[in-house]
Amino acid sequence: KRVQGWSCAWGQKEDAMLLVGVHLYGFGRWLDIQEDPTLDLTHKFFLHGQEEDKDHDKRTPKSIHLGRRAEQLMKILAEDDKSDLSHGEQRKSSKHTAHGDSTRHTPKPRSRGETSTPVSEESASHKSKKGGQTGETRKIEGFDNYDEEEAHRTMRPMRDALYRLRDESPKLAGPEKAQLIRECIQSVGRYVDKQVANLSNAAAHLQTRCHRDLWLYTTKFWPNTKVSHLDLIEVYGRI
């Protein structure tokens with residue numbers, strides 16, 4: 001739902017940066033979020049007027065509006081997470097049922113001299129992983145040609161930065177948290193730029209796809225809140 005009556009232009013980009021700011025600094029830390037130039041919200045909040053002279057400055061959003069908007073966005077994200085989980089359980093149930101039906105089929109008779117080699121679940125799992133189709137592979141709506149296994153292999157040198165982003169940043173708060181996230185995103189961004197540069201002789205669409213896929217993979221490690229790869233690219237561009 002779009003905001004109405006605010007004294008500045010506000011859209012999806014500002015919503016995304018507001019959520020990033022809440023993740024970096026905490027809910028209610030509007031002044032810290034406003035003063036972070038990487039979020040580009042410096043001229044979008046009208047906090048000082050609210051604190052100093054409520055009657056003089058009627059511009060919005062102020063703290064109360066930002067709090068309501070952030071709560072609304074986080075509620076939407078929570079509902080999306082719940083919906084994704086429900087759909088995932090339905091797909092698993094459907095696959096299990098289909099597998100059960102297939103096991104009841106009569107085996108095809110083998111020709112004379114043909115031997116049967118049983119395949120264990122462990123070896124089947126290994127074969128599946130070797131082929132690049134692990135159970136953790138994500139399908140992202142709108143990106144049917146996204147190859148997460150290839151992105152995973154390419155981003156392997158960035159494991160430390162990605163795991164720090166995912167596991168350590170939730171344990172911090174305020175400036176320390178912001179600094180860690182900046183360091184991780186900067187390391188990832190420089191590495192992604194280098195990988196794209198290595199494709200300088202390749203077709204433009206392959207460079208674009210590489211850039212997109214590596215940032216899509218990075219969203220997997222952003223803790224707590226959902227962000228798009230475009231949000232992370234924008235944050236990196238402002239660091």
Side-chain angles (χ1 to χ4, degrees), residues 11-25 33 36-41 70 73-74 76-78 80-81 83-85 87-88 129 132-172 177-239:
Q12 292 183 348
K13 171 189 167 185
E14 286 74 20
D15 280 340
M17 292 299 101
L18 178 63
L19 287 177
V20 171
V22 169
H23 173 70
L24 289 174
Y25 298 101
I33 295 172
D36 188 333
T38 66
L39 301 177
D40 197 28
L41 295 174
L73 293 172
M74 288 188 288
I76 292 172
L77 291 176
D80 287 344
D81 284 340
S83 176
D84 290 344
L85 180 61
H87 291 159
K129 290 184 179 180
Q133 296 298 323
T134 67
E136 295 182 355
T137 299
R138 296 180 301 165
K139 292 294 184 182
I140 301 181
E141 185 176 355
F143 302 101
D144 293 337
N145 61 349
Y146 168 58
D147 187 346
E148 182 164 282
E149 289 298 327
E150 178 63 27
H152 172 76
R153 286 190 290 270
T154 305
M155 293 294 285
R156 192 165 291 161
M158 285 288 100
R159 282 180 299 181
D160 288 345
L162 292 172
Y163 290 148
R164 287 182 67 208
L165 178 65
R166 185 191 67 185
D167 300 333
E168 295 183 21
S169 65
K171 302 175 185 178
L172 303 176
K177 184 175 187 176
Q179 181 62 29
L180 185 146
I181 290 178
R182 285 194 188 96
E183 290 175 359
C184 294
I185 291 297
Q186 190 171 54
S187 296
V188 169
R190 288 173 176 171
Y191 178 78
V192 171
D193 289 346
K194 183 178 180 180
Q195 300 312 301
V196 175
N198 289 339
L199 296 174
S200 57
N201 295 326
H205 76 276
L206 294 178
Q207 298 178 41
T208 301
R209 179 177 171 180
C210 174
H211 186 260
R212 181 205 69 184
D213 285 3
L214 298 185
W215 280 111
L216 279 172
Y217 182 76
T218 302
T219 64
K220 185 177 180 178
F221 295 85
W222 188 264
N224 300 334
T225 59
K226 283 186 176 180
V227 293
S228 72
H229 71 290
L230 296 177
D231 295 332
L232 295 186
I233 292 171
E234 185 162 358
V235 170
Y236 170 60
R238 296 183 181 281
I239 295 177

### Query
What's the shortest heavy-atom distance between Leu19 and Met74, and which atoms?
CD2-CG, 3.8 Å
#### Entry: Listed partners of Gln195 passing side-chain contact (heavy atoms from CB on, under 4.5 Å), at least two apart
Thr154, Tyr191, Asn198, Cys210, Leu214
#### Entry: With Thr208 via side-chain contact (heavy atoms from CB on, under 4.5 Å) - residues at least two apart
none
### Message
Donor-acceptor pair, distance only, cut-off 3.5 Å: does the side chain of Arg159 make one with the backbone of Arg156?
### Response
yes
## Note on the structure
Nearest heavy-atom contact between Gln207 and Leu199 is NE2-O, 3.1 Å
### Query
Using a distance-only test with no angle check, is there a side-chain donor-acceptor pair under 3.5 angstrom linking Asp193 and Tyr236?
yes
### Message
Give me each pair satisfying side chain to side chain donor-acceptor pair (under 3.5 Å) with a member in residues 13-24, each pair once, sequence neighbours excluded.
### Response
Trp10-Asp15, Lys13-Asp40, Lys13-Glu234, Asp15-Arg69
### Task
Could you check Lys220 against Leu162 for side chain to side chain contact (heavy atoms under 4.5 Å, CB included), going step by step and ending with a plain yes or no?
CA-CA 9 Å; Lys220 185 177 180 178; Leu162 292 172; over 6 Å; no
### Query
Among all residues two or more places apart in sequence or in another chain, which pass the side-chain contact (heavy atoms from CB on, under 4.5 Å) test with Arg164?
Glu168, Leu180, Glu183, Cys184
### Task
Supply the atom-to-atom distance Leu165 CG to Arg182 CZ, rounded to the nearest 0.5 angstrom.
13.5 Å
#### Entry: Approximate separation, where rounding is to 0.5 Å, of Ile33 CD1 and Leu24 CG
8.0 Å
### Task
Mind checking side-chain contact (heavy atoms from CB on, under 4.5 Å) for Leu232 and listing every partner two or more places apart, or none if nothing turns up?
Ile185, Trp215, Thr218, Thr219, Trp222, Val227
### Shortest non-hydrogen contact between Thr38 and Met17, atoms and distance
O-SD, 4.5 Å
### Task
For Asp167, enumerate each residue passing the side chain to side chain donor-acceptor pair (under 3.5 Å) test, keeping only those at least two apart in sequence or located in another chain.
none
### Atom pair CZ/CE of Phe221 and Met158 - distance to nearest 0.5 Å
12.0 Å
### Query
Just by distance, do the side chain of Arg209 and the backbone of Asn145 share a donor-acceptor pair under 3.5 Å?
yes
### Query
Nearest heavy-atom pair of Val188 and Ala161: which atoms, and what distance?
CG2-CB, 4.4 Å
### Stepwise side chain to side chain contact (heavy atoms under 4.5 Å, CB included) test for Tyr217 and His152
CA-CA 7 Å; Tyr217 182 76; His152 172 76; 2.8 Å; yes
